[in-house]
Amino acid sequence: MTDPNSPPASLSEDVKIPESISGLEPVRSVRSPIKLVYDFVPSPPVQEYLRSYSKKKILGHRSPVDGAVFVPPRGVDPRHGVLIEESVELSDRGHVGNFCVTHLPIPGRDDLDIPYVSAWIHLDGANVGFLGLVAGCENDEVHIGMRVQAVWKKEEELGNTAENILYWKPTGEPSVPVEKAGNRAWDQPNE
Amino acid sequence: MNESHNFRDVAVVSVASHQTKTLSEVNEVQLMADLISKCRNSAGVTQEEIGFTCSGSSDFLAGQAFSFVHTLDSVGAFPPISESHVEMDGAFALYEAWVKLQIGEVDTALVYSYGKPSAGSIIDVLATQLDPYYVSPLWPDCFSLAALQARLLLDKGLISLEKMAEISKRSQKNGFDNPNAVRSSKDVSIENLMNEPTIVDPLRVSDISEITDGGCAVILATGDKAKSLCERPAWIKGIDHRVDSHTLGVRDLTRSSSAFLAAEKAGGNIDRLDVAEIHGMTSAQELILEKEFCLTEETQINPSGGCLASDTMMASGLIRISEVARRIISGQADRGLAHATSGPCLQQNLVCVLEGE
């Protein structure tokens, strides 16, 4: 058996570089650009979800197992691996489940002043949160349980996209108690 | 496999698969939710009773980072489950599950894999698996590499164009009874096949695998558990995988020594084989594999039609195992060999030998 820690004889000698390239700078890195193109076709529930945005509606999916409502709808209850057929229209109001104040700009979003607040918005009637931007108040006023409402684009600018919601603004309603806000309410019935 | 190692008896007890030209709007989660529940229902188990879940898929194919996490939505991973994933064909995920079952902590495993190549360009995706310095930047497509391999075989007189056409004919005829086969024909003739135009010389249309979308789910169980879930489990008598060099230039491409070795270690040749499902991208590759596995006329080869009839990247290998297992479970066959491959020109190979009681 050869010693695995020592190189084979052929490699232990000095490497001889041909005269013709001996003066060249050694190659230290290689660039291999890769570009792959995909045609993404949204599944029917996602298509329905995106189209409903143009009518200023937010759709969720109701689980056939226990009635839990998911947003965005994906056609499946991920806890049970069961297909979902039933859509539900959700309110464009809800509360902040969790939030984060970000001091780094997003490439391509020059319109976004930093620091900005992103939050898990828990819509009334939904059992999970989804991501949104909170504005229309001072950043240090944002808190867990704060009631918010969608601020939509102008009618003529609406498209089949979640970008129709510019941001979520405070409604001024009494806040949801912290212990009942966001996922903390998972163990409590959604009535 | 050496009996003295005291391996636990592991069997395939339930299978489900689906392949189609293009899934279009149906996404991977919806496809797998359907297949996984079919597979669990036919074994009569719920996800809570599954000890280990392992999947195989490719982010490059899906065009999405951590795409397998999305697909876990189709399993029902709550309360939290014991789970793993390989960026490989599902047959290799099945190997991981088999090892997990050997450890002895769990008695059941769910294995699944899927691919939706219709969303992108599979030949570009497969080019990225090659040597990143010397080969990948040339973007050679997988069929051209397989064509070079076929050309070598032809030039050495190891195969003939007629032999290749016979393989294509077998595939299309066998595929006729398989709802998952996309390219199939009851009365295809050698003459018609020989007259097909060449796509990548020397490969004609029917010499190249039919790329499809789809997925497969399999449930494994040990010993008495397997017997309680299935009347006639397909016992895994041997499973092994081996790999050849990544560098195409240092390999003898007219052979697949890793396939030979995997079959030998899995005990493929120690008894007669009723059925063999082999995973090749071209008719020429099927001819290499038949030789490496020493298959004879007493073995029915690719009764499903194989990959020339329907080839789903990331799932084709697991589907080979499910096709053999299905025939053993139903009593159509007693002993069979299933093969899965990965990498260019049959580089990495897995062989699984299954047997009924």
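- The contact between A/Val37 and chain B is made entirely by backbone atoms, counting heavy-atom distances below 4.5 Å.
- Atoms CG and NE2, on B/Asp73 and A/His80 in that order, are 13.0 Å from each other to the nearest 0.5 Å.
- Under a cut-off of 6.0 angstrom, the local environment of CZ in B/Phe60 is sparse, with at most 12 non-hydrogen atoms contributed by other residues, nucleotides or ligands.
- With rounding to the nearest 0.5 Å, the separation of CD1 in A/Ile34 from OG in B/Ser136 is 5.5 Å.
- For a residue to count as touching a neighbouring chain, one of its non-hydrogen atoms must lie under 4.5 Å from one of that chain's; by this rule B/Ser74 touches chain A with the backbone only.
- Of the two parts of A/Pro45, only the side chain, counted from C-beta on, holds a non-hydrogen atom closer than 4.5 Å to a non-hydrogen atom of chain B.
- The number of heavy atoms from other shown groups lying within 6.0 Å of CZ (A/Arg51) does not exceed 12.
- Counting heavy atoms from C-beta outward, B/Pro137 and A/Ser32 have side chains that approach closer than 4.5 Å.
- Between B/Val125 and A/Tyr38 there is a side-chain heavy-atom pair separated by less than 4.5 Å.
- For CD of B/Glu105, the number of neighbouring non-hydrogen atoms (other residues, nucleotides, ligands) closer than 6.0 Å is 12 at most.
- Across B/Ser24 and A/Val41, no two heavy atoms sit closer than the pair O-CB, 4.1 Å.
- Contact annotation for B/Leu138: neither backbone nor side-chain heavy atoms come within less than 4.5 Å of a heavy atom of chain A.
- Only the backbone of B/Ala62 comes within contact range of chain A, with heavy atoms under 4.5 Å apart.
- Between B/Gln30 and A/Val76, every side-chain heavy-atom pair lies at or beyond the 4.5 Å cut-off.
- Summarising the local packing, CD of A/Glu157 is surrounded by more than 12 heavy atoms from other residues, nucleotides or ligands at distances under 6.0 Å.
- Between A/Pro44 and B/Glu25 there is a side-chain heavy-atom pair separated by less than 4.5 Å.
- Counting heavy-atom neighbours within 6.0 Å of B/Asp252 CG, excluding the residue itself, gives a total above 12.
- Counting heavy-atom neighbours within 6.0 Å of A/Glu156 CD, excluding the residue itself, gives a total above 12.
- In the displayed structure, A/Lys169 atom NZ is contacted under 6.0 Å by at most 12 heavy atoms of other residues, nucleotides or ligands.
- Heavy-atom distances place the side chain of A/Leu36, and not its backbone, under 4.5 Å from chain B.
- Other residues, nucleotides and ligands contribute over 12 non-hydrogen atoms within 6.0 Å of the NZ atom of B/Lys21.
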_B/Tyr134 vs A/Val30, test: side chain to side chain contact (heavy atoms under 4.5 Å, CB included). Steps then yes/no._
CA-CA 10 Å; B/Tyr134 301 112; A/Val30 177; over 6 Å; no

